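Quick caveat, the model's predicted, so the values are computed rather than measured.
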Amino acid sequence: MLRSNPAKKVAFITLLSASMGLFTANVAAQEQPFELGVTKVSNGDVVSYQRECFKAKNSPGTWEAPKSGSWFWDQVTCSNDTVEPPVEPEPPILEPEPPVTEPEPPTTEIPSDITPFVLGETRVVNGDVVSYQQQCYIAQNNPGVWEAPKANSWFWKSTNCGSTTEPPLTCTLPEVLIDNQCVTPPVECPDGSSAATAEECPVIPPVTCPDGSTADSVELCPPAKVVCDDGSVVDDIAQCPVTPVTCPDGSTAGSVADCPVTEVPTSMTVTSDGKGGYLIPRAEFVAIEKSLTSGELFDLVRSDTVTLDNASVEAVLPLRAANPENVKRAESIVDEALWEFLFPIRNPAYTYNRFLQAIAKFPAFCRTYIDGRDSLAICKRSLATMFAHFVQETGAHAPNWEGALGNPEWRQGLYYVREVYKSESDTTGPYNKCTGWAGERWPCANKSYFGRGAKQLSWNYNYGPFSEAMFGDKMVLLEKPELVADTWLNLASAVFFYVYPQPPKPSMLHVIDGTWQPNAADKANGIEHGFGSTIQIINGAFECGKGSTTAQAKARIAYYKEITSYLNLDISGEKLDCADMKAFDTAGAGALEVYWDKDWGWDANTPGNHSFKCKLVGYQTAYSAWTEGDYELCVEDNFNVQATDANGEIILK
């Protein structure tokens, strides 16, 4: 899957805007008064603010006050139509007062028992005193290793060297430090407003339950009923009557998996249909497909990609007693207050509730392991891995930007929900492959399939499979790709990528939980357990195997270190880098070919000596081994074949 790099795009636009500013700084324009929080502008609009004039750029919105040197504004010369030039006041004949400056901590000799702070190396806990550039500071709010000590910082408080009698003010979550006071941040109410506490939220009207009744909340609705294939209604799908299926040999069974095993044919039984095409018994298709998709690794991946029904997913709420087990485990590690702390400038579409729903959709994520593996530690490591990649893929990457609100880069993730400078009004673009097999299998619907969500899902041939996994219908997201930005799918798309393998790469889940064990071929390629192999999975062609650590990989590793440190996760001994890693190949332990393509071999016993078979391949095609019946479709489409039943009758599609 291709990903855009928002950081590069932002850097390019920054340079371009700076260059344009050189030509616009002295251009007069008709200005309008700017009122903070009210005036809406478009790029290029000129406004007056505090008797000065500014030209809008980079979409400032209504809360970015115009000022000189801002990312969002260029100062320009005011016209004479609406703004009077400021009148220089006469200087008063008074003795000038000395300037007021903030007292600097004394720079006396620093005692030997105070730890010197080395940027990128020194780790501290709240309350520790360090020296930096001949001054001393007390740590607060978990500064990490990349926050340089300075006066009036969120993370540091200046102190006299050698004296730590005044303890630093620290806060306990959910409280945060604002103006040197611990305060509880407002909570988000169900109606989208905010209040000091949940009890002060507006009372919302009763919800309408699926059965038509009303209740105070979704949690209090009666259990949803299930409509079975025969039209009967039951409380749980397990109570539905079993509808027998007709097996390839003509017998019946509860499911296709229960049908008698048919001997795998070495040569296909091919007859002419009298119209230039051919007929093959469906039993032979089923036998070959089952034979080629059986095995321990296939079974493991199948079990780990099982999904929860969407009705149950959408019922998930924070701290809900009926939440699935894997969701409760994730909640125990990352509660809502920690979500706010880790992603303080995220796009509003990335809510905590949607984070929990994304996890609920995939029961294997943060599941309970019954073979002795530490379920809590695996869940914590999975979250840290995914969060680090969130920051790289969708972070603001702007440490000195005023919109970052002083937050370091590792806490600027999930800033983008759509690819930079893309909008839903786009209907064409570089991510639409509407011809060939991709266009036939995943038809474009007058939409643009640019990057959306935490994974920045791109291309119609990725939206289609994701839609099938989420809804059982490829066209849902092909027709409405905006759902990947505006609903819980914005985070579920990232979990989907986490649990599914990309042949010959294993899934990140299997790398993190230890299901994947590197074999000799993997080790020869430098691929071992650890965060580095997940970089290889995500973007190895561009970030790995270069002999030295690339800038992108270095950033991912830095974010991972900060997040794991904050979560108290021990990563010592873990291989974090991928500089010496070659790509995963078909000899590796995770190699699993999951697409069907035409088998170009020959068979002496068939018309034209064609094979009339398909084979598993490691590159993407229109036919997936995860979709039952795609093998038959592959053969039919490539060899002009129709399937027949046990009586030799053509089975209509």
Scan side-chain atoms only and decide if N432 and K447 contain a donor-acceptor pair under the 3.5 Å cut-off.
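The criterion, which ignores hydrogens and geometry beyond distance, is not satisfied for K447 and N432.
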With side chains defined as the heavy atoms from C-beta onward, is the minimum distance between W156 and V130 less than 4.5 Å?
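Yes, side chains in contact.
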Walk me through whether E314 and W488 qualify under side-chain contact (heavy atoms from CB on, under 4.5 Å).
CA-CA 9 Å; E314 291 169 358; W488 55 270; 3.5 Å; yes
Strictly under 6.0 Å, is that where the ring centroids of [X] and [Y] end up?
X    : Y    : result
Y350 : F343 : no
Y137 : F117 : no
W442 : Y461 : no

Would you say T621's side chain and W596's backbone share a donor-acceptor pair under 3.5 angstrom?
yes
Please name the residue in the list R452, R556, K455 that meets the salt bridge (charged side-chain N to carboxylate O under 4.0 Å, His left out) test with E393.
R556
For [X], which residues count as a salt bridge (charged side-chain N to carboxylate O under 4.0 Å, His left out) partner, sequence neighbours excluded?
X    : result
D371 : R373
R354 : none
R418 : E424, D486
E562 : none

When you look at Y431 and L457, which way does the side-chain contact (heavy atoms from CB on, under 4.5 Å) test go after all the steps?
CA-CA 10 Å; Y431 303 112; L457 189 72; over 6 Å; no
Kindly state each residue pair satisfying disulfide bond (SG atoms under 2.5 Å apart) with at least one member in residues 330-377, sequence neighbours excluded.
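Listed once each, the pairs are C366-C379.
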Sidechain N-carboxylate O distance under 4.0 Å for D580, K575:
yes
Does K554 pair with E409 as a salt bridge, N-O distance under 4.0 Å?
no
In a table with atom names and distances, give each donor-acceptor pair under 3.5 Å that connects a side chain of residues 301-308 to protein atoms at least two apart or in another chain.
from, atom 1, to, atom 2, distance (Å)
R302, NH1, T293, O, 3.2
R302, NH1, D299, OD1, 3.4
R302, NH2, T293, O, 3.1
R302, NH2, T293, OG1, 3.4
S303, OG, D299, O, 3.4
S303, OG, L300, O, 2.7
D304, OD1, R367, NH1, 2.7
D304, OD2, H510, NE2, 2.5
T305, OG1, V301, O, 2.9
T305, OG1, R302, O, 3.3

Quick check: are there more than 12 heavy atoms from other residues, nucleotides or ligands sitting under 6.0 Å from NZ of K561?
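Counting other residues, nucleotides and ligands, NZ of K561 stays at 12 neighbours or fewer.
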Given N323, which partner from the list E331, Q357, R329 fulfils the side-chain hydrogen bond (donor to acceptor under 3.5 Å, both in side chains) test?
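The side-chain hydrogen bond (donor to acceptor under 3.5 Å, both in side chains) with N323 is passed solely by E331 among E331, Q357, R329.
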